[in-house]
**Q** 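Sending over a structure as C-alpha cells; questions will come in a sec.
Just the heavy atoms: all of them, side chains too, but no hydrogens, waters or symmetry mates, feed the values below. What you see is a predicted model, and the numbers here were worked out from it, not measured in a lab.
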Amino acid sequence: MDFLTVKQFSKIWEISERRIVKLCKEDRIPGAVKNGKTWVIPENTIKPADKRNNISKYINTEKRIAIFNFNTEFGYTVISLLKQAGFLVDAITENNLDNVEIIKIDNKTNLDALKNLTNKYYDGLIFFEEEKQNCKFDKIEVIKMFSKKMNCDSSIVFVNTKKNTELTFVKDLSKELKYDVGLRINAIKINIPFDKNIFVNYDEISEDIVEMITKLKNTTGMIIETDGGYLEFEQDGKTKILGNGEFYKALDTCLKSLNKNSYFWSASMMLEDEWTEEPKEMKFRVSNLDVSNRGTKVERIFIFSHSKIKEFKNNKTLKIFMQSNINTMYVDYDEILEKEPELLEIIGNGWDGIDLDTLMVDAPADQEGNVRGYLSINKREIKRAYDCYLRLKNYAKDLKEILK
C-alpha cells in the first residue's frame, strides 16, 4: 500500500493543506499516520465528508470492517493490518479484548438485539468460527444480517479453525449474496493444532485474511486452506530437524517479528559451502539488512582461521554485511581451538539467536544437503549458546579491519 503526502492530497481533494492536517489530528482520515513532522495518507483514501453539510448524514464515506467473534492471536494482527490499510474496525464479541474497540454481546443477546447494536454501514465482515468458542448465533443468519449493511463492493471472509468442519455453505451462500447484494464471500480454513506447543506465522495468516477481504474483487465462493507453516515443539523445547525450506521459512518469520527493541545475535562458521548464491540464502541476507535498517541491534560473529583471511577478502556476503548497520566481528578459529576448544563444540555449525527467547541452530548437512537445522525455545540451550557468544566476543575483532 502506497501513501501520499498532505500536499498531494490537497491537490486531489481541492482543499487546503491546513484543513487536511486538521482532519488528520481529529482522526477523521482513516489510515493517516504521522511520519516525523508530516502526515501521510493511504493513496486510495476517500475525502471525508464535511460535517457542516447535511449530505454527510446520508452518504457514508468511512471505510469500516466488522470482525465477529475471535479468540486466537492472529485476530489481533488482522485488526492491526486493517487499521494500517485505513479501515475503522468494529470488533463484535462476547470476550473482553485489550486495546480493541468492541461492541459487546453476551449470553442474553439474540439476533434481533444484535441487529440493533450498530446502525453503521460496512465494507466488509470477517466472521471467526473457532474450536474453543461458544458462539450461539447461527453463522449464516449473522452473515446475511451483515450483508444488509453492505454494498456491491463489499466482502465477507469466513475464518474457520475447527477440526473436521465442512465449508460447503460458503459456495451456496456466495451465489445468493452475489445475486441479492453483489458482494462476495470467501473462506479460509486454518489447520493448526492450537492446543499444542507450536511455532506459527500469525502475520502471514492475517495478511491472507486481509488480502481476501480487500483485494479479491472478482472472486467469490473460494475456500483455501493453510497451516501457517506451523512447527511443533517436542518435549525438550526443540522442533524436529528441518529441511532447507522449513528452516528458512521459520527463520524469515522470526526476522520479520523483530523491531528496534529486539536483539539478533549470530555465530557463523565459515564453511566451504557457506553463503552460496542460492535464492534462499540471498533472501536471508536481505532479511538481515532489512532487520538492521528497522533499528534492530544486529551482531554477527564470523569464525574462520587466520590463514583464510585472504580467501575471504572478496566474499560477497561479508562485503554486504560490512557495508550495512550490522556489527560484523571476526574470531580466529585457531585461537579458540587453542585457548577454549569447548566453545567450538557449543557453536557446532553455528546458530542465530532471536533476543534470548529463540535459537535457530544449524545442523550438519546430510549427504543430499536437504537438512538445515532446527528451532529451539529450550531455555538451557539458549543460555548455553548466549554465554558462549559472550565469551567469543572477548576474542572478537572488527571484521572490516581484518579484511581491509
**Q** Taking only Lys NZ, Arg NE, NH1 and NH2, and the carboxylate oxygens of Asp or Glu, determine whether Glu246 and Lys240 approach each other closer than 4.0 Å.
**A**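 Yes, charged N to carboxylate O under 4.0 Å.
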**Q** Under 6.0 Å from the six-membered ring centre of Phe87 and within 45° of its axis: does the NZ or CZ of Lys63 meet both?
**A** yes
**Q** Can we say Asp387 and Lys383 salt-bridge, meaning some charged N sits less than 4.0 Å from an Asp/Glu carboxylate O?
**A** yes
**Q** Look at atom CD of Glu342 and say whether more than 12 heavy atoms of other residues, nucleotides or ligands are closer to it than 6.0 Å.
**A** yes
**Q** Any donor-acceptor pair under 3.5 Å linking the side-chain atoms of Ser287 with those of Asp290?
**A**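 Ser287 and Asp290 do not have a side-chain donor-acceptor pair below 3.5 Å.
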**Q** Minimum heavy-atom separation for Tyr395 to Glu335, with atom names?
**A**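 Looking at all heavy atoms of both residues, the closest pair is CD2-OE2, 3.5 Å.
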**Q** Phe264 vs Phe284 aromatic rings, parallel, tilted or perpendicular, using cut-offs 30° and 60°?
**A** perpendicular
**Q** Just by distance, do the side chain of Asp334 and the backbone of Ser305 share a donor-acceptor pair under 3.5 Å?
**A** no
**Q** List the residues meeting salt bridge (charged side-chain N to carboxylate O under 4.0 Å, His left out) with Asp252, not counting sequence neighbours, and say none if there are none.
**A** Lys256, Lys283
**Q** With Lys163, which residues qualify under salt bridge (charged side-chain N to carboxylate O under 4.0 Å, His left out), at least two apart?
**A**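 For Lys163, no residue satisfies salt bridge (charged side-chain N to carboxylate O under 4.0 Å, His left out) once neighbours in sequence are set aside.
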**Q** Salt bridge or not between Lys397 and Asp332? Use side-chain N to carboxylate O under 4.0 Å.
**A** no
**Q** Are Glu234 and Lys238 within salt-bridge range, i.e. N to O under 4.0 Å?
**A** no
**Q** Quick check on Lys379: does its NZ atom have over 12 non-hydrogen neighbours (other residues, nucleotides or ligands) under 6.0 Å away?
**A** no
**Q** Could Asp123 and Arg64 be called an ion pair, given the rule that one side-chain N must be under 4.0 Å from one carboxylate O?
**A** no
**Q** Output every pair passing ring-ring contact (aromatic ring centres under 6.0 Å, His included) with a member in residues 209-258, not counting sequence neighbours, ordered by first then second residue.
**A** none
